[in-house]
Amino acid sequence: MIERPDSAVSSVARNLEGYVGFANLPNQVYRKSVKRGFEFTLMVVGESGLGKSTLINSLFLTDLYSKDYPGPSQRIKKTVQVEQSKVLVKEGGVQLTLTIVDTPGFGDAVDNSNCWQPVINYIDSKCEDFLNAESRVNRRLMPDSRVHCCLYFISPSGHGLKPLDIEFMKRLHDKVNVIPLIAKADTLTPEECQLFKKQIMKEIQEHSIKIYEFPDTEDDEDNKLIRKVKERMPLAVVGSNIIVEVNGRKVRGRQYPWGVAEEGIFVENGEHCDFTVLRNMLIRTHMQDLKDVTNNVHYENYRSRKLAAVTCNGGDTSKTKGQLTKSPLAQMEEERREHVMKMKKMEAEMEQVFEMKVKEKKQKLKDSEAELERRHEQMKKNLDAQYRELEEKRRQFDEEKVNWEAQQRMLEQQKLDVAKTMEKNKKKGKIF
Amino acid sequence: YSQTDAEDINGEGARAIPLSGHVGFDSMPDQLVNKSVNHGFCFNILCVGETGVGKSTLMDTLFNTKFEGEPTQHNQPGVQLKSNTYELQESNVRLKLTMVNTVGFGDQINKEDSYKSIVEFIDTQFEAYLQEELKIKRTLHSYHDTRIHACLYFIAPTGHSLKSLDLVTMKKLDSKVNIIPIIAKSDAISKSELTKFKIKITSELVSNGVQIYQFPTDDETVAEINSTMNGHLPFAVVGSTEEVKIGNKMVKARQYPWGTVQVENENHCDFVKLREMLIRVNMEDLREQTHTRHYELYRRCKLEEMGFKDTDPDSKPFSLQETYEAKRNEFMGELQKKEEEMRQMFVQRVKEKEAELKEAEKELHEKFDRLKKLHQDEKKKLEDKKKFLDDELNIFKQKKTAAELLQSQAQQAGGSTTLKRDKERKK
């Protein structure tokens, strides 16, 4: 199932006493939308000859494809083309610019590998145009040329989906709203049709293909019909451009020898309803929803894939997941802040390491100095000790010297005294 | 904001073709309306005006309900913006109404910066929307739009002219928000004064180039009423939540001794006109203008400021994501450069410090070398002194030895002399 974004949940609202006037808002919206006009792009995909152009003409009750503007089936294509026809239709004062995108050549080649690629490219390029217009600095009102709905025609083999069908739907279900239809249903009996539908739905589920689901609308009557039709998906259609007569009635149908198959939708028990049901569901009740799902789901998917690829290339995926919910500007801001913090931290760390190393070195220097001081002191002490020793020795020596000299002098004096006495004695005649 | 034109961007025309029956797409407006009603509507009003001019009362009167809040005093230090959100419902239409009030506007002595907090507030709401719009995974569908859709500017009922604060503020706001000027408490002005007042205000606005919101006249269904109403601007309003009995009805009014001012009487004031224009007729247009004009202007300026610009129309269409990538790379480059610079600076510092320390080490060694030398010198001196002493000692010893020898000789001789003497004596 296609995930739809949640709509606003209403809480208990105040009720107003007296008239205010904003109940007129819906009318204002109505008025403005009519003035603006509407646009819708419908794509039809399927092999040639399945009645795509016929269906378009029948759905829109117009000759979109006519003699002057022939449908793509009239043109023989060698490769898959994607062609668009734009028409302006008016009804009840409402203007609609309708773009029908056709894919002639789809599935017609012998080798159909990648025949879906031009289709995907077309859808993506419309999304890209919208993205670029939306991303401009100078924006103008931009037309919405995105593909809002893709009708996929399944050829009535009666057995099941062809590999091409599965491949195509798998590749496109998350790019566009896919509505599968069984084409040329008048080649199936009601029972065959029933089985065929069951088989198709089974295979769709098996391959997890998400086809467009018509949600309930406001109108209960509509809802009854919607639910009834949903049980009969995919719808089996028959289209015709030719008017034939059946029981006096003029109808659009296909004339066979065995009867006339009127155009329309085949439901069970041979019950047949005309295109009104399909037209109603596609146009009258769900056209806006198809556009909304395209805008809110498919386009947003495209956009986020595109932007994520550009802004997160190279980064590891675990980190980028969280970044997706931030706008790139905010992301840059955050990165800037992170970086500033990182730088601060780095600066602080470097500062710390620096300080530490300086301290270390200074400490070493100090130790060195202390060591040298100590040694110097030691040597000084040594020297001083030696000095003192010397002093002592000197003192001793001096003392000894002085003593000896004193002694010598005494001896000298003695000698002199003796000599003197002898002299005296001699004089006295004691000398003989 | 998708618009249908008969010509698409490539200039190819879409041909008009007739329908042969009723297809049913004329229900598209209804489908759109149903979707909007289910989703609910959202509207944000900013009320700018001096304290006591009647903003809260008028809001209560307009929306027929008593909103929260007490009357503010005049002593606010600056202008603050207080916003409150209410969920209202009328018939099947749900409206999320946010009312933003300027608290303290016009109360300060110096009002030069009064408009700043208002402009900032408006810009913040634009910024929030822009950020959401630029996210990779975004939810615009369920985003609660807080951008201001209408600014009711309350003009004080002086009866003379606009205050300079009014002109300055409105001039700053006119490119950011839809301004609807109203004359508040207009029951204080007499009818003749009112006409002159309105004319004066309008001419002052024009001569100062203030762009106020014009009710749109491009849609034929409402062109006439809108253009008439444009001529009645600014609306002279009276607000009241009190009811007075007039005739046999209870009406909202203000009762004076000399008469009763009925709020919803168009002869008495323009309240009904305001309600018509603001809510019943142009609410959606106000929202649209905010989004397509004011917001776009903000967005364009912001992006240009950040360096984004569209490439020429003839070259490849501008890709926002490529520019992001380029910007981001540029930005990362800058950051890396800054990182490098810081590293370099550190390397430089380390070098310098190393040199310093080496210097200090060298000095230390030199010092100790010097000391060592001194020490060597001292030692040498000591050695010399020692030697000197030793020499002296030796000389002394020699002297001593010599003297002793002499003495002993002398003694011997003296002894012999004495002996001789003695001998001679004896003889």
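We use all heavy atoms of the structure for the numbers below, so side chains are in, but hydrogens, waters and symmetry mates are not. Here is the naming used below: chain letters follow the sequence lines, and residue numbers restart at 1 for every chain.
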Nearest-0.5 Å distance, [atom1] of residue [X] to [atom2] of residue [Y]:
X        : Y        : atom1 : atom2 : answer
A:Met379 : B:Leu374 : CE    : CG    : 10.5 Å
A:Glu400 : B:Lys397 : CD    : NZ    : 8.5 Å
A:Leu390 : B:Glu383 : CG    : CD    : 10.0 Å
B:Lys372 : A:His376 : NZ    : NE2   : 12.5 Å
A:Asp398 : B:Leu389 : CG    : CG    : 8.0 Å
B:Arg287 : A:Leu25  : CZ    : CG    : 7.0 Å

Out of [options], which one racks up the most heavy-atom pairs below 4.5 Å with chain B?
options                                : answer
A:Lys362, A:Lys361, A:Lys393, A:Met346 : A:Met346
A:Val87, A:Thr99, A:Val29              : A:Val87
A:Met343, A:Arg31, A:His286, A:Lys342  : A:Arg31
A:Lys415, A:Lys364, A:Arg279           : A:Arg279
A:Asn24, A:Asn295, A:Asn27, A:Val34    : A:Asn24
A:Asn138, A:Asn301, A:Leu282           : A:Asn138

Looking at [Y], is its backbone amide N or carbonyl O close enough to the side chain of [X] to form a donor-acceptor pair, meaning the two atoms are under 3.5 Å apart?
X        : Y        : answer
B:Glu276 : A:Gly21  : no
B:Glu304 : A:Val137 : no
B:Glu361 : A:Leu365 : no
A:Glu91  : B:Phe25  : yes
A:Gln28  : B:Arg280 : yes
A:Gln386 : B:Leu382 : no
B:Ser20  : A:Leu61  : yes

Region of [X] that comes under 4.5 Å of a non-hydrogen atom in chain A:
X        : value
B:His144 : neither
B:Ser36  : side chain
B:Arg343 : both
B:Asp218 : both
B:Lys385 : both
B:Asp219 : both
B:Val37  : side chain
B:Phe368 : side chain
B:Lys379 : both
B:Lys400 : both
B:Leu393 : both

Practice prompt. Can you spot which of B:Glu339, B:Glu334, B:Lys338, B:Gln336 makes a side chain to side chain donor-acceptor pair (under 3.5 Å) with A:His339?
Written response: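 So, applying the side chain to side chain donor-acceptor pair (under 3.5 Å) to A:His339 and each of B:Glu339, B:Glu334, B:Lys338, B:Gln336, only B:Glu339 qualifies.
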Where is the tightest heavy-atom contact between [X] and [Y], given as atom of each residue plus distance?
X        : Y        : value
B:Val23  : A:Ile283 : CG1-CD1, 3.6 Å
A:Phe38  : B:Pro29  : CZ-N, 3.6 Å
A:Asp292 : B:Lys35  : OD2-CD, 2.6 Å
A:Thr285 : B:Gln31  : O-OE1, 3.4 Å
B:Ile136 : A:Ser304 : O-CB, 3.2 Å

Worksheet item: With a 4.5 Å limit on heavy-atom distance, are the side chains of A:Arg36 and B:Leu32 in contact?
Response: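 Side-chain contact under 4.5 Å: yes.
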Discussion item. Within the structure provided, determine whether B:Glu378 and A:Lys380 are in side-chain contact (heavy-atom separation under 4.5 Å).
Written reply: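 A side-chain contact is absent here, since even the closest heavy-atom pair is not under 4.5 Å.
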Discussion item. So for A:Leu411, is it side chain, backbone, both, or neither that comes closer than 4.5 Å to the heavy atoms of chain B?
Written reply: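 Interface part for A:Leu411: side chain.
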Item to complete: Identify which part of A:Phe354 has an atom lying under 4.5 Å from any heavy atom of chain B, answering side chain, backbone, both or neither.
Response: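 Side chain only.
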Discussion item. Tell me whether the rings of A:Phe22 and B:Phe63 are parallel (<30°), tilted (30 to 60°) or perpendicular (>60°).
Written reply: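 Tilted: the ring planes of A:Phe22 and B:Phe63 meet at 30° to 60°.
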Item to complete: Can you establish whether the number of heavy atoms outside B:Phe388 located under 6.0 Å from its atom CZ is more than 12?
Response: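 No - once you tally the heavy atoms of other residues, nucleotides and ligands closer than 6.0 Å, there are 12 at most.
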Between [X] and [Y], is there a side-chain N and carboxylate O pair less than 4.0 Å apart?
X        : Y        : answer
B:Glu284 : A:Lys35  : no
B:Glu354 : A:Lys357 : no
A:Arg394 : B:Glu392 : yes

Worksheet entry | Check against salt bridge (Lys or Arg N to Asp or Glu O under 4.0 Å), B:Arg349 and A:Glu351 | CA-CA 10 Å; B:Arg349 263 178 80 187; A:Glu351 191 76 46; 2.9 Å; yes
Practice prompt. Could I get the full list of side chain to side chain donor-acceptor pair (under 3.5 Å) partners for B:Asp30, not counting sequence neighbours?
Written response: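 Partners of B:Asp30 under the side chain to side chain donor-acceptor pair (under 3.5 Å) test: none.
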Worksheet entry | Residue pair A:Glu405, B:Lys399: steps toward the side chain to side chain contact (heavy atoms under 4.5 Å, CB included) verdict | CA-CA 10 Å; A:Glu405 281 184 353; B:Lys399 201 164 153 193; 3.9 Å; yes
Worksheet item: Would A:Met350 and B:Met342 satisfy side chain to side chain contact (heavy atoms under 4.5 Å, CB included), going step by step from the backbone distance to the final call?
Response: CA-CA 10 Å; A:Met350 289 216 257; B:Met342 191 175 84; 4.0 Å; yes
Worksheet entry | Derivation of the side chain to side chain contact (heavy atoms under 4.5 Å, CB included) call for A:Val89 and B:Ile17 | CA-CA 6 Å; A:Val89 285; B:Ile17 53 176; 3.7 Å; yes
Discussion item. Set out, in order, the CA-CA distance, both residues' side-chain angles and the distance that settles side chain to side chain contact (heavy atoms under 4.5 Å, CB included) for B:Arg138 and A:Arg303, then state yes or no.
Written reply: CA-CA 10 Å; B:Arg138 60 188 188 179; A:Arg303 181 181 176 277; 3.3 Å; yes
Worksheet entry | Criterion side chain to side chain contact (heavy atoms under 4.5 Å, CB included) against B:Met28, the qualifying member of A:Gln95, A:Glu39, A:Arg284, A:Met287 |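 Of A:Gln95, A:Glu39, A:Arg284, A:Met287, side chain to side chain contact (heavy atoms under 4.5 Å, CB included) with B:Met28 is met by A:Met287 alone.
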Discussion item. Please enumerate all residues that pass side-chain contact (heavy atoms from CB on, under 4.5 Å) together with A:Glu391, with sequence neighbours excluded.
Written reply: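 With sequence neighbours excluded, A:Glu391 shows a side-chain contact (heavy atoms from CB on, under 4.5 Å) to no residue whatsoever.
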